[in-house]
Amino acid sequence: MRAEITKHLDHDPEFEWRGQSVSRIENLSDIVFALALGMLLLTGAPPQTYSELLKFLVSIVPVAAGFTMLFMIWNAHFVFFRRYALADNTIVAINSVMLLAVLFIAYPLRFIFESFFWYIFSSITGDFQRLQEMEIGIQQAAESMAIFASGYAVIYLLLSLMYNHAFRKADLIGLSTQERKLTRVSVWFLRGQVGVALLVAICAYTTPLGPFAGFLMILNWPSALLLQAIFNRN
């Protein structure tokens with residue numbers, strides 16, 4: 001009964017989910033993602049005073065941003081293994097590097113989003129005490145954004161390599177014509193994410209936009225719609 005419900009509710013209707021059971025590589029990956037989420041939230045000592053509690057509660061904004069990013073990565077990873085159920089040497093190698101990158105960016109991700117949040121907050125309120133405590137100025141904020149965007153690009157490049165590997169194995173795993181098309185869309189969508197992230201990194205580091213180059217990430221949405229339109233016409 002549960003398998004039948006899962007078949008109809010838990011996957012995209014245009015793609016057969018070949019991964020019907022959770023593999024060991026997925027178990028390990030989920031553990032790593034859980035650790036990264038814990039590192040993202042539980043940084044520093046627990047609040048001991050009311051003012052520290054308020055700072056902790058306000059930090060939900062940058063934490064939510066970091067959580068959203070990690071969830072998007074996890075979801076792309078989850079969909080890959082459900083759709084293709086591949087676990088050959090190439091996938092194991094790429095997945096291992098990606099998990100290392102996810103762990104490596106967990107603390108920087110919290111710091112970067114928090115510094116960016118407090119930079120905007122301080123610009124509005126005129127209170128730069130928190131930024132001074134974090135030793136963040138406009139140059140450091142710009143460099144932090146460039147670091148964040150570079151890490152984002154690396155992870156999505158690895159995801160694109162995984163999806164591209166699945167496309168190359170289309171005959172072996174029995175992808176239909178529609179599934180091949182959707183896989184190609186996924187590959188180019190992920191590559192588009194890499195391109196936008198690299199643009200953000202370059203603009204953050206070399207232009208007056210500085211940390212506000214991060215808003216260029218919104219280009220991911222029109223680029224995704226453009227790619228979808230191009231593939232739908234073919």
Side-chain angles (χ1 to χ4, degrees), residues 32-33 35-49 51-74 97-160 190-224:
V32 170
F33 276 105
L35 286 173
L37 289 170
M39 293 164 65
L40 183 69
L41 179 61
L42 303 175
T43 56
Q48 302 293 328
T49 64
S51 61
E52 290 179 356
L53 176 63
L54 290 179
K55 287 181 180 179
F56 177 80
L57 293 176
V58 171
S59 70
I60 188 62
V61 176
V63 167
F67 177 88
T68 300
M69 164 165 288
L70 286 179
F71 179 80
M72 290 169 59
I73 296 170
W74 174 85
V97 177
M98 193 197 73
L99 293 181
L100 177 62
V102 167
L103 280 178
F104 184 78
I105 70 167
Y107 281 136
L109 191 63
R110 168 69 181 267
F111 180 83
I112 289 164
F113 276 115
E114 191 165 357
S115 62
F116 186 54
F117 168 77
W118 284 109
Y119 184 85
I120 296 175
F121 185 83
S122 300
S123 299
I124 296 173
T125 63
D127 182 5
F128 291 88
Q129 179 182 355
R130 179 58 177 163
L131 283 179
Q132 292 172 354
E133 293 174 355
M134 298 177 68
E135 301 179 357
I136 286 288
I138 184 65
Q139 183 61 36
Q140 290 76 20
E143 292 174 358
S144 296
M145 180 57 66
I147 292 171
F148 151 71
S150 299
Y152 186 99
V154 168
I155 290 176
Y156 274 85
L157 174 62
L158 293 168
L159 283 170
S160 73
L190 293 168
R191 288 175 178 174
Q193 298 255 33
V194 174
V196 171
L198 290 177
L199 175 64
V200 170
I202 293 170
C203 290
Y205 196 75
T206 64
T207 73
L209 281 174
F212 294 100
F215 288 111
L216 293 174
M217 283 290 187
I218 200 172
L219 293 175
N220 282 321
W221 277 270
S223 65

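Taking the side chain to side chain contact (heavy atoms under 4.5 Å, CB included) definition, one finds that L100 meets it with nothing, sequence neighbours left out. Under the side chain to side chain contact (heavy atoms under 4.5 Å, CB included) criterion, F215 pairs with F116, I120, F212, not counting sequence neighbours.
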Would you be so kind as to tabulate the donor-acceptor pairs closer than 3.5 Å made by side chains of residues 144-155, with sequence neighbours excluded?
{"from": "S144", "atom 1": "OG", "to": "Q140", "atom 2": "O", "distance (Å)": "2.8"}
{"from": "S150", "atom 1": "OG", "to": "A146", "atom 2": "O", "distance (Å)": "2.8"}
{"from": "Y152", "atom 1": "OH", "to": "Q193", "atom 2": "OE1", "distance (Å)": "2.6"}

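In terms of heavy atoms, L216 sits closest to V196 at O-CG1, 3.6 Å. A pairwise comparison of heavy atoms in A36 and A106 identifies O-CB, 3.8 Å as the closest pair. The minimum heavy-atom distance between L35 and L103, with the atom names listed, is CB-CD2, 4.2 Å.
Atom CD1 of I218 sits about 11.0 Å away from atom OG of S223, to the nearest 0.5 Å. Considering CZ of F104 and CE of M98, their distance stands at 16.0 Å, rounded to 0.5 Å.
Residues Y156 and L159 are in side-chain contact: their nearest non-hydrogen atoms beyond the backbone lie under 4.5 Å apart.
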